[in-house]
Amino acid sequence: MSKPSTLGGACIIASVCVGAGMLGLPSAGAGAWTLWTVLAISVTMVMMTLSGWLLLEALKHYDFKVSFNTITKDVLKGKVNAINNLSLYFVGGILLYAYISSSGMIFGGVFDINAKLASVLFVIASSVFVLHSTRAVDRISVLLIIFMAISFIIGISGLATNIQVPTLLDSLDSQTSLSPYALAILPVALTSFGYHHSVSTMRDYYRDENRAKNAILGGTLIALTFYVIWVVCIFGNLPRTQFGPIVAAGGNVDALMTALGGVVNSNSIKQALNIFSIAAVVSSFIGVGLGVFDYLADFFGFEDTQQGRFKTWAVTFIPPLVFSLFAPFGFVAAIGLAGAAATIWTCIIPALLAKKLRQRQPEQQGFVVPGGNITIYAVIIFGVLTAIFHILAMANILPVFNG
Ligand SMILES: N[C@@H](Cc1ccccc1)C(=O)O
C-alpha cells in the first residue's frame, strides 16, 4: 500500500477545523476589526497547533490504536477523564444546537416557512445520513465539500474584487479603540481551530509522529489561510458600523448573509455565499453529529442494530433540537461557549498529559514538542485565559461590541 500523503492528512484536519467557528468569526471579530482579529486568530492557530502536538507527543508512549479517552484515563485517572468526556460531549451538543438553530433560520428564509418547523425538518433530513451509516456520511461529506469549495471560490472572489481598503481598515472611524475587543474573539477562534479528537486518528493513519505533526501543522495552516481570506473579504465589504443588526441577531449566519447581500450587487455571488453557508452548516452538522453519535453509542452501550442505532440517534439529536426550539440563543454566544468548554480537552488536558509523561519518562525518545516546559505552560495559560475571557464577556465585563 502506498504511504498516505501529508497533504491528505492536512486536508482532513482542515476540514475538521472549518465549520461553525469560521462562520462565527466575522461577528465575533467585528468589535476588534481586521488587524486585531487576524492577530487573535493567528495566535490561536499557533497555540492550538502546539496543543495538538503535545497530545501527539503524549500518545507516542502508547499503541497506535489508543484514543484520547484511554490515555487520559491512564495518565490523569478517572475523575479528570470524566471531566474530559463531559466537556467533549458538551462541545458536541452545543455545536449541534448552534447548527440546528442557524439552519432553521437559513432554511426558514429560503423556503419561507417558520424557523422552528425548518429546524425540525432539517434535523430529520440531515441526521438520516448519520442514522444510516458512517459510509453514508462519508459519501455525502465529499459532495458537500465539493459544493463548499466551488461556492467559496465564487463567493469569495466576488467579495475580494470589491474590497474597500478604508472599510477594511476602518480608517473612517479611527476614534474608537479596537484592541479591547480582541480578547472576546479568542473563544470563537479556539472553536474554529478545534480538531483534537482527530489527533490519534492522524497518528494511526501515518504510524509516524513526525509525519502526523506535519499534517496537523499543514491542516491548521490551511484553516488559518481560509479564515484570514474570509475575514478580510467580509470586513473589506461590510463596514464595521453595519455589524449592529448582525450582532443584535446573535451573529446568526442568516443575518450575516442578509447584510452581505445588501452590499454585493451580483446575484450569483449572493447565491454562492448562501450555498457556501448552507453547505458549511450541513457538513459540520453531519460531521459533529457522527462524532457525538459514536461517542454516545459507546457510552450507553447501544448496539449497532437498527433499533440500537435509532436509540443512539434519539439521544444524539433530540436534546439539542429541543433546546434550540425552546431556548434559542445567539449563534456566536453558543460558539463562544463551545470554545470555553473545548479549551479543557483541546488545550489544558493535552498539556497536562505531555507534562506528566515527560516526568514519568525523563529521557525522551522520538517526537518531542520544542520549547520545553515553556510550551506546556503557554498552552495551559492560553487555554485558561480563553475560558476566563468568555466568562468575562458573558458577564459584560469585557467590552462587547453592539454595532
Ligand atoms: N472546529 C470545529 C468545531 C470543533 C471544535 C472542537 C473540536 C472539534 C471541532 C468548527 O469550527 O466547526
Side-chain angles (χ1 to χ4, degrees), residues 20-34 36-37 40 94-95 97-110 112-116 118-119 159 164 167-168 170 172-173 175-189 191-192 230-231 233-264 270 273-274 276-278 280-281 323-340 389-403:
M22 170 172 169
L23 296 175
L25 282 174
S27 310
W33 212 240
T34 314
W36 285 104
T37 300
I94 199 147
L95 287 175
Y97 163 89
Y99 298 136
I100 295 172
S101 308
S102 47
S103 63
M105 284 177 238
I106 298 175
F107 286 111
V110 172
D112 206 12
I113 51 173
N114 177 291
K116 293 191 171 163
S119 292
L159 291 179
Q164 311 291 326
T167 308
L168 183 64
D170 197 40
L172 302 177
D173 179 25
Q175 310 304 330
T176 30
S177 162
L178 302 171
S179 55
Y181 295 109
L183 302 179
I185 309 170
L186 291 178
V188 175
T191 301
S192 74
W230 170 242
V231 163
C233 283
I234 291 182
F235 287 174
N237 279 275
L238 203 59
R240 185 167 180 268
T241 45
Q242 287 188 24
F243 265 85
I246 306 172
V247 175
N252 284 332
V253 188
D254 60 321
L256 178 65
M257 292 300 144
T258 311
L260 274 178
V263 291
V264 176
K270 279 184 210 171
L273 287 170
N274 271 326
F276 170 71
S277 67
I278 290 173
V281 169
F323 271 106
S324 135
L325 295 180
F326 294 107
F329 78 105
F331 182 73
V332 170
I335 300 301
L337 193 56
F389 291 152
H390 184 73
I391 295 166
L392 293 182
M394 278 196 5
N396 276 327
I397 297 173
L398 276 188
V400 177
F401 178 69
N402 295 317

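Worth saying up front: this structure is predicted, and the values here are computed from it rather than measured.
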- Is the backbone of Leu168 close enough, under 3.5 Å, to the side chain of Trp33 for a donor and an acceptor to pair up by distance? yes
- Task: With the side chain counted from C-beta on, respond yes when Phe107 and Val281 share a heavy-atom pair under 4.5 Å apart, and no when they do not.
- Result: no
- Message: For Ala182, give me all partners under side-chain contact (heavy atoms from CB on, under 4.5 Å), at least two apart in sequence or on another chain.
- Response: Ala32, Trp36
- Message: Could you measure the distance from the OG atom of Ser27 to the CD1 atom of Ile185? Nearest 0.5 Å is fine.
- Response: 11.5 Å
- Note on the structure: By side-chain contact (heavy atoms from CB on, under 4.5 Å), Phe323 pairs with (sequence neighbours left out) Tyr97
- Message: Determine whether Leu25 and Val188 satisfy the following criterion, side-chain contact (heavy atoms from CB on, under 4.5 Å), listing intermediate values before the conclusion.
- Response: CA-CA 7 Å; Leu25 282 174; Val188 175; 4.2 Å; yes
- Looking at residues at least two apart in the chain, or sitting in another chain, which of them share a side chain to side chain donor-acceptor pair (under 3.5 Å) with Asn237? Asn162
- Message: Under the rule for side-chain contact (heavy atoms from CB on, under 4.5 Å), what residues qualify as partners of Ala20, not counting sequence neighbours?
- Response: Leu95, Tyr99, Phe331, Ile335
- Query: Among all residues two or more places apart in sequence or in another chain, which pass the ring-ring contact (aromatic ring centres under 6.0 Å, His included) test with Phe401?
  - Reply: Tyr181
- Is the side chain of Ser192 donor-acceptor paired with the backbone N or O of Gly21 at a distance under 3.5 Å, no angle test? no
- Note on the structure: Interatomic distance, OG@Ser277 vs CE@Met22, rounded to 0.5 Å, equals 10.5 Å
- Do you know the tightest heavy-atom contact between Asp254 and Met105? OD2-CB, 3.3 Å
- Note on the structure: Closest non-hydrogen contact found for Ile94 with Ala338 is CG2-CB, 3.4 Å
- Query: Given Phe235 and Thr167, is the side-chain contact (heavy atoms from CB on, under 4.5 Å) satisfied, shown in steps?
  - Reply: CA-CA 7 Å; Phe235 287 174; Thr167 308; over 6 Å; no
- Minimum heavy-atom separation for Gly29 to Thr37, with atom names? O-OG1, 3.2 Å
- Query: How close do Ser102 and Val253 get, heavy atom to heavy atom, and via which atoms?
  - Reply: CB-CG2, 4.3 Å
- Message: With a 3.5 Å distance limit and no angle check, can you tell me whether Asn114 reaches the backbone of Lys116 through a side-chain donor-acceptor pair?
- Response: yes
- Query: When rounded to the nearest 0.5 angstrom, what is the spacing between CG in Leu238 and CG in Leu256?
  - Reply: 7.0 Å
- Report the residue from Ile246, Leu159, Asn274 that forms a side chain to side chain contact (heavy atoms under 4.5 Å, CB included) with Leu260. Leu159
- Message: Run His390 and Leu398 through side-chain contact (heavy atoms from CB on, under 4.5 Å) and show every step you take.
- Response: CA-CA 9 Å; His390 184 73; Leu398 276 188; over 6 Å; no
- Got a sec, which residues hit side-chain contact (heavy atoms from CB on, under 4.5 Å) with Ala333, two or more places apart in sequence or on another chain? Phe329
- Item | Nearest non-hydrogen partners of Asn252 and Gly330, listed with the distance | OD1-C, 4.4 Å
- Query: Has the side chain of Ser119 got a donor or acceptor atom that lies under 3.5 Å from a matching backbone atom of Ile100?
  - Reply: yes
- What pair of heavy atoms forms the shortest contact from Gly108 to Ala118, and how long is it? N-CB, 3.6 Å
